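In what follows, a single structure is set out as structure tokens and then discussed.
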There are 2 protein chains.
Amino acid sequence: MPAKKPYHKENLRRDLLEAGRAYIEANGHLGLSIRTLAQQVGVSPGAPYHHFPDRRSFLLALAIDGFKEMLAVSQSIADSTTKPAERLRELGLAFIRFAETYPHLIDLMYESELTSPTLDEELLEFQRVGHDALRRQIAAVVPDLSDQEIDLRTLAYWSAIYGFASMRRKGIIHTSPGAVATVDIAEAIVDRAALSALTS
Amino acid sequence: MPAKKPYHKENLRRDLLEAGRAYIEANGHLGLSIRTLAQQVGVSPGAPYHHFPDRRSFLLALAIDGFKEMLAVSQSIADSTTKPAERLRELGLAFIRFAETYPHLIDLMYESELTSPTLDEELLEFQRVGHDALRRQIAAVVPDLSDQEIDLRTLAYWSAIYGFASMRRKGIIHTSPGAVATVDIAEAIVDRAALSALTS
DNA sequence: CCCTATATCTGATCGTCGATTAGATCAAGC
DNA sequence: GCTTGATCTAATCGACGATCAGATATAGGG
């Protein structure tokens, strides 16, 4: 048994996803090669195609895992907070934190060939879930608004959070010398986003 | 003379950039192939490499052209408006309009291999210029703030504008049935962004 | 225990791409 | 007209995504 190498990998799909996740975390998704990944887990170049129809599908699976992981975090936040305003704030902060922890994964999820030129339908669904979570909190904090108005404010809030996280990832945040800590900046931005969503 | 095809292209660099711009506008930058482009303008596969060291540099040149074009629009707005608050609003709207007119070009400029994993240094410079333009208007509208505070508010404003344009490009804007026109949404978002940048 | 059905992987192959290089071709100045 | 320097051709390399026939392993029924 130790002489002959085992022919099959036990669970190739899982191993590929793990290797892919590790690669992306380290280098981003752009240079990810199915062939190299196959070689890395000790399998022939064609093997992955029995588990994923093409490279895009592989990346999509990784992105979906990322969304699930992120939504799990959101859920735990929703469970551990009580007041809607507090929830709104914590959800915003959580996204920024997640984006900071896994910047390359977020890139894949939000700014990759999976989202442009045309956003993948499956990913769109996850976006809706996240959007709705924010929407619910805003509707709770500021009741008696039309659906349109709530949509607008949700959009304003999410745009600010997403935009900030996106710029942060790219290292575009230029602050004056003597700047505050980045964590504080994130909190300040979230608070200002809430301002734009909840006032008047 | 009409029998023999001319050996050289007159200005290959310019022709390649034009063809590249056209391709990107139609299909996005992801599928852009230097070889295909060369063939399109009637030149051998290796010819482009006498004008651009590699594919990345070619895309970079296209992105820079895009930034210059966008800054020209900004400049004309800065010249044709008087009040800082008005300028701030118009600049925000202009970015959103530009992003809507050339979505794939904006993708290249802000969400491509040129910006992630590491943002190209030349592009960063353009970002600074745009950021400073916004910053100046905000500082004018709300004087007597610390540099830090102005930075923060500029960041809040720009995050919201950029985030909105980014979501819009990806078709993530989900509004309730009976939604207002998208242009109105853009204006509403810009106004809410100003709210978060200028209040309290 | 064997034998068959099915899932999985190998190994070779195709076409495309980015990039490099030697050599051909052109335009300009002496 | 000859030389110099820039520009392009044509051939080539290595890597990649994807496909496919055939080999190999696993599971279930006799």
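Every chain is numbered from 1, with letters handed out A, B, ... down the list of sequences. Predicted model only: the values in this text are computed from it and were never measured.
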Open item on the list: Quick check on the 6.0 Å ring-centre criterion: do B:W158 and A:F164 meet it?
Closed with: no

- [ ] Please determine if a side-chain N or O atom of B:H51 lies less than 4.0 Å away from the OP1 or OP2 oxygen of D:dC8.
- [x] yes

Rounding to a whole Å, what distance do you find between [X]:[atom1] and [N]:[atom2]?
X: A:L16; N: C:dC9; atom1: CG; atom2: C1'; value: 12 Å
X: A:N11; N: D:dT26; atom1: CG; atom2: C1'; value: 14 Å
X: A:Q39; N: C:dT10; atom1: CD; atom2: P; value: 12 Å

TODO: Determine whether the side chains of B:S166 and B:E111 contain a donor N or O and an acceptor N or O closer than 3.5 Å.
DONE: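 Yes, side-chain donor-acceptor contact under 3.5 Å.
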
Open item on the list: I'd like to know if the side chain of B:D79 pairs up with that of B:S76 as donor and acceptor (distance under 3.5 Å, no hydrogens or angles considered).
Closed with: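 Side-chain D/A pair, B:D79 to B:S76: absent.
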
Task: Pairing residues for B:D191 by the salt bridge (Lys or Arg N to Asp or Glu O under 4.0 Å) criterion, not counting sequence neighbours - done: B:R89

Open item on the list: Using the rule side-chain hydrogen bond (donor to acceptor under 3.5 Å, both in side chains), only one of B:E86, B:E90, B:R87 pairs with B:Q137; which is it?
Closed with: B:R87

Task: Cationic N near anionic O, under 4.0 Å, B:D107 to B:R169 - done: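 Answer for the salt bridge query: yes.
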
Open item on the list: How close do A:F95 and A:I161 get, counting heavy atoms only, and between which atoms?
Closed with: CD2-CG2, 3.8 Å

Task: Nearest heavy-atom neighbours spanning A:L152 and B:R192 - done: CD2-NE, 4.2 Å

Task: Rounded to 10 degrees, the angle between the two terminal axes of the helix from C:dC1-D:dG30 to C:dC30-D:dG1, each from five pairs - done: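 Helix axis angle between the two ends: 10°.
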
Open item on the list: Protein within reach of the bases, or only the backbone? For nucleotides 13-20 of chain D, mark each nucleotide 5' to 3' as B, S or -, using heavy atoms under 4.0 Å.
Closed with: ---BBBB-

